[in-house]
Q: 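The structure is given below, and queries will be raised subsequently.
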Amino acid sequence: MNVALACRNLGKRFETVQALRDFSLSLQAGQLLALLGPSGCGKTTTLRLIAGFESPDSGEIHIEGRAVAGPQGHVPPENRRVGMVFQDYALFPHLDVAGNISFGLKGSREQRRRRTETMLSLVGLDGFGPRSLQGLSGGQQQRVALARALAPEPALVLLDEPFSNLDTHLRVRLRAEVRAILRATGTTAVFVTHDQEEALSVADQVAVMSAGRLLQVAEPWRLYHEPASRAVAELVGESNFLGAEASGRVARCAIGDLELRQPAAGEVTLLLRPETLQVTGGGPVRVEEVQFFGDHQRLQLRLADDTALTAQTDNSRRFRAGQRVGVKVNGPVLALPV
Amino acid sequence: MTAGPRLPRLPRLDRHQALQFIAVVTALVVLLPLAWLVLRATGAGVEGLAWALRPRTLTILANSIVLTVTVVAGALAIGLPFAWLTARCEFPLRRFWLIAGLLTMVVPSYLGAVTLLAAFGPRGLLYDLLAALMPLERLPDMRGWFGAWLSITLITWPFIALPARAVLLGSDPALEEAARSLGLGRWQVFRRVTLPLLRPALAGGSLLVALYTLSDFGAVAVMRYNAFTRAIYLQYTSSFDRERAAILALMLILLTLFLLWLERRLGQQRGGARLGAGAQRRLELQQIGRWRWPAVLFCALLVALGVALPVGVLGSWLTRRALFNVTPPDMGMLTATTASVSALAALAAGVLALPLALLLRRRHSRLNHWLVAMTHGGNVLPGIVVALALVFFAARYLPAWYQTVPLLLLGYVTRFLPLAISASRGALESVSPRLEEAARGLGQRPWQVVLRIYVPLARAGILAGIALVFLSVMKELPTTLVLAPIGTRTFATHIWSAYSEALLSIIGGPGLLLLGVSALGLIAILLRERQPGAAPGTGVALLRELPRRARAHALAVLVHLR
């Protein structure tokens with residue numbers, strides 16, 4: 001497999017803010033990468049650097065092996081073969097749907113028309129070509145924006161918070177659709193999101209960012225189960241952190257001796273995901289609060305040494321605040337450096 | 001008394017109908033004189049038509065059209081680059097040029113023309129300078145088409161620049177970025193994205209410039225260019241041939257209506273509105289490198305000709321000793337007259353505008369819009385036409401009003417009421433209808449809601465409207481010229497008659513005062529709008545809404561900032 005996108009040691013500063021520092025990443029062709037992080041973490045800056053709307057202060061960017069930014073110079077956005085889907089879609093209001101999609105196409109009128117038709121049916125908008133944008137729903141505008149970006153067959157598609165303007169119900173549906181379209185066309189894509197569920201469910205690779213730094217890049221499954229640091233664990237999924245003393249495969253902590261995924265030694269922090277905690281009847285742990293969600297419930301627990309824990313259990317057993325319970329952990333746990 | 005809940009009394013005339021009644025009366029007052037004018041013109045019948053189709057009359061039509069087209073071209077050539085520079089480019093003194101450039105809008109056209117002529121005329125200031133250096137008989141006479149074109153272009157280009165700048169600042173930068181990412185270079189992006197987005201603003205601005213040029217009396221009269229407005233006035237004053245003046249006026253009305261029809265057509269087209277929500281990034285200014293200096297030169301030239309020149313020339317007249325024994329103007333009397341007629345007209349317009357603006361706010365029905373649109377007739381038609389219509393009408397049906405101050409005030413209100421309506425309307429629209437509902441729920445009657453909710457909350461806009469009318473009346477030439485009783489002189493008519501009698505030295509004082517007050521007014525309105533919570537709907541703020549909203553009366557506000 002060849003590398004579609006490579007960023008090396010990128011840095012970017014805006015006046016007083018270091019928006020990005022030492023950012024390195026590479027992405028295989030055909031893969032879908034999510035840039036995940038809280039707002040202001042530098043993910044949109046990264047996207048704009050790749051697209052060529054900004055140029056990095058340091059480092060370089062290669063697209064399909066060609067240097068587009070770095071010491072050799074700056075390739076303008078129009079020569080990068082990078083398609084972009086903007087957060088508010090940025091559809092051209094003076095053009096109709098077909099006019100928007102064919103905007104970046106070259107070639108004869110007939111070729112452009114055919115390509116536009118293909119794109120329309122790819123995104124499920126057959127027959128919408130002559131429509132004006134005004135009548136389109138948010139989801140339809142989103143699809144037009146995607147079709148416009150894909151039409152010139154770019155080497156890479158960038159999507160900036162593509163689903164943030166849609167309501168929850170539509171978002172879930174469109175996520176799957178967009179993913180299917182990108183897969184069907186074999187497009188390499190990078191999308192920015194602050195929604196971890198979106199990142200985990202859509203992407204092949206998730207890059208977690210915080211305060212201008214890249215913390216970890218991994219497949220969703222690995223990212224969730226084996227975060228590289230406490231910071232990543234906090235950004236992805238819910239976590240309980242528990243101090244422990246490790247020796248080999250065993251760690252001793254407030255809820256007893258637990259089995260580790262990998263051997264460790266000395267002081268460590270254990271990552272206990274709420275759904276790995278199993279709550280049993282009778283024990284030293286106090287139930288402080290119960291939140292019932294229908295299909296599952298969430299318990300706020302307090303251990304004898306006053307440590308707070310969150311546990312998520314199925315809906316089969318009823319718990320009440322004030323009740324005393326026991327806690328066990330399912331499976332081996334991950335030890336993080338303190 | 002019977003038991004049970006008391007039924008509310010049925011209103012004899014509900015508030016909505018009362019407002020409509022006011023609107024109908026206002027529309028009639030505005031339209032009746034115009035209708036009479038049209039009747040007079042058409043009364044001439046076949047003979048009149050023959051006169052209208054004479055080559056000499058058609059020359060006037062051609063003159064007006066030529067002037068209008070060339071002024072629009074000139075204003076576009078200046079306004080678009082100016083908008084681009086001040087909105088998108090980094091160059092020295094950018095903000096200063098913007099404000100100084102906008103100040104050209106406060107120069108009344110007659111004052112601009114008079115000072116241009118004084119500077120560049122055959123024996124003007126430039127001649128004095130050059131003649132000292134070399135033997136020179138005289139400079140070419142700029143009067144006629146060139147002088148009229150230059151004077152009007154120099155004060156109308158902001159009508160192009162302002163809406164264009166608003167679009168350049170307000171459009172989503174992502175649109176241009178999207179085009180770049182789809183493979184377009186800078187120039188292609190301008191041609192295929194930016195220009196189409198600008199088109200509604202440019203078209204709207206151009207029509208406004210065209211309407212202004214058609215209706216301008218001052219510059220055309222000073223430069224002796226025989227366009228409609230001057231021809232009508234000459235016909236009226238020299239020959240007192242009312243029928244022929246009426247025929248010319250009707251031709252001008254038809255030309256204006258044609259332009260308004262075009263405006264409506266364009267207004268229905270799609271604008272450059274943003275789709276979707278989402279945070280908008282700030283635009284970054286382009287670095288233009290070596291082009292900085294030509295940019296500065298361009299702006300400096302505009303400011304020099306449009307602002308510095310009138311002020312400088314007026315100042316020189318103020319300080320120069322009169323050649324002949326000319327009695328200096330009685331500034332106290334002039335100021336008192338100008339201020340009192342302006343204030344009375346402004347107050348009347350402000351009070352009358354409130355019910356009309358409320359009517360538009362209450363029900364967006366077709367009928368209401370038409371009623372209020374009718375009251376705009378006095379504003380969009382040339383001042384000279386409206387004034388003549390009133391004179392003819394009063395001479396025939398209201399002889400007691402003929403040559404009186406009340407008729408003059410009626411003329412002003414007819415001309416400038418729409419300014420007050422636009423300003424109040426904008427402010428009223430920013431008041432949430434929930435507030436009215438809440439007040440009604442708390443037991444307030446409709447008129448109490450108006451006094452206790454709308455008036456206090458929309459105060460800024462209502463006052464801005466009154467101020468705008470005041471400034472406009474202060475500068476208005478044709479209406480005052482035609483309607484003012486003998487002996488009633490405002491700054492505008494004083495300047496006009498001093499110019500006609502070639503007594504330039506006595507123009508300095510009133511001219512500078514006029515410019516000073518107008519400039520302060522414009523700056524006050526601009527500053528107001530920079531405050532958070534200021535009423536939208538007046539002055540430049542309107543332009544932000546331009547591509548989407550009805551432009552005609554919004555822009556009319558700006559026209560009359562001058």
Side-chain angles (χ1 to χ4, degrees), chain A residues 14 39 44-45 47-48 50-54 75-96 99-106 132-142 144-145 148-154 156-158 160-162 164-166, chain B residues 88 90 163-164 166-168 170-204 266-287 544-549:
Chain A
F14 293 111
S39 54
T44 295
T45 302
L47 216 58
R48 296 176 59 77
I50 298 170
F53 301 133
E54 314 274 356
V75 176
E78 62 268 29
N79 297 334
R80 290 197 179 190
R81 295 192 54 225
V82 171
M84 180 116 178
V85 176
F86 291 82
Q87 186 173 8
D88 52 6
Y89 318 137
L91 297 177
F92 302 121
H94 57 292
L95 301 175
D96 60 12
N100 267 280
I101 293 176
S102 64
F103 191 87
L105 293 178
K106 301 200 164 60
S132 98
L133 298 175
Q134 257 75 8
L136 298 189
S137 70
Q140 288 167 333
Q141 290 185 27
Q142 163 77 277
V144 174
R148 182 181 69 177
L150 289 174
E153 300 185 53
L156 181 65
V157 171
L158 308 175
D160 187 4
E161 305 250 6
S164 64
N165 280 333
L166 305 170
Chain B
R88 293 286 179 87
E90 183 67 64
V167 172
L168 286 174
S171 65
D172 186 351
L175 289 176
E176 289 175 22
E177 288 172 357
R180 292 295 295 277
S181 73
L182 289 167
L184 268 62
R186 277 181 192 283
W187 168 244
Q188 283 176 303
V189 171
F190 180 78
R191 200 174 52 82
R192 290 187 56 192
V193 178
T194 317
L195 207 54
L197 290 177
L198 278 171
R199 195 168 293 142
L202 292 181
L266 278 172
Q268 284 162 356
Q269 284 181 8
R270 284 173 281 183
R274 271 161 57 97
L275 287 163
Q280 191 183 359
R281 285 181 315 100
R282 281 186 67 86
L283 271 168
E284 284 192 29
L285 293 177
Q286 278 175 27
Q287 302 297 330
R544 268 178 236 134
E545 305 267 309
L546 269 187
R548 268 172 282 170
R549 283 169 155 265

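Keep in mind the model is a prediction, meaning the values are calculated, not measured. Side-chain atoms are counted along with the backbone in the values below, which use heavy atoms only and exclude waters and symmetry mates. In what follows, chains carry the letters A, B, and so on, assigned in the order in which the sequence lines appear, proteins first and then strands, with residues in each chain numbered from 1.
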Q: Minimum heavy-atom separation for Ala178(B) and Ala90(A), please, with both atom names.
A: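 In this case the closest contact between Ala178(B) and Ala90(A) is CB-O, 4.3 Å.
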Q: Which pairs of donor and acceptor atoms, one on a side chain in residues 193-203 of chain B, lie under 3.5 Å apart (sequence neighbours left out)?
A:
from      : atom 1 : to        : atom 2 : distance (Å)
Thr194(B) : OG1    : Glu176(B) : OE2    : 3.2

Q: Which of these passes side chain to side chain contact (heavy atoms under 4.5 Å, CB included) with Leu182(B): Pro152(A), Pro77(A), Ser102(A)?
A: Pro152(A)
Q: Given a strict heavy-atom distance threshold of 4.5 Å, which part of Arg81(A) is in contact with chain B: side chain, backbone, both, or neither?
A: neither
Q: Is there a donor-acceptor pair closer than 3.5 Å between any side-chain N or O of Arg180(B) and the backbone N or O of Ala51(A)?
A: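 Side chain of Arg180(B) to backbone of Ala51(A), a donor-acceptor pair under 3.5 Å: no, none is there.
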Q: Between Arg148(A), Met84(A), Arg80(A), which shows the greatest number of heavy-atom pairs under 4.5 Å with chain B?
A: Arg148(A)
Q: For Leu175(B) versus Phe92(A), what's the shortest heavy-atom pair and its separation?
A: O-CE2, 3.2 Å
Q: So, taking the atom named CG in Leu156(A) and the one named OG in Ser181(B), what distance separates them when rounded to the nearest 0.5 Å?
A: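 Between Leu156(A) CG and Ser181(B) OG, I get 11.0 Å after rounding to 0.5 Å.
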Q: My understanding is that only residues two or more places apart in sequence, or in another chain, count here; which of them pass side-chain hydrogen bond (donor to acceptor under 3.5 Å, both in side chains) with Ser137(A)?
A: Gln140(A)
Q: Considering all heavy atoms of both residues, which atom of Phe53(A) and which atom of Glu177(B) are nearest to each other, and what is their separation?
A: CZ-O, 3.2 Å
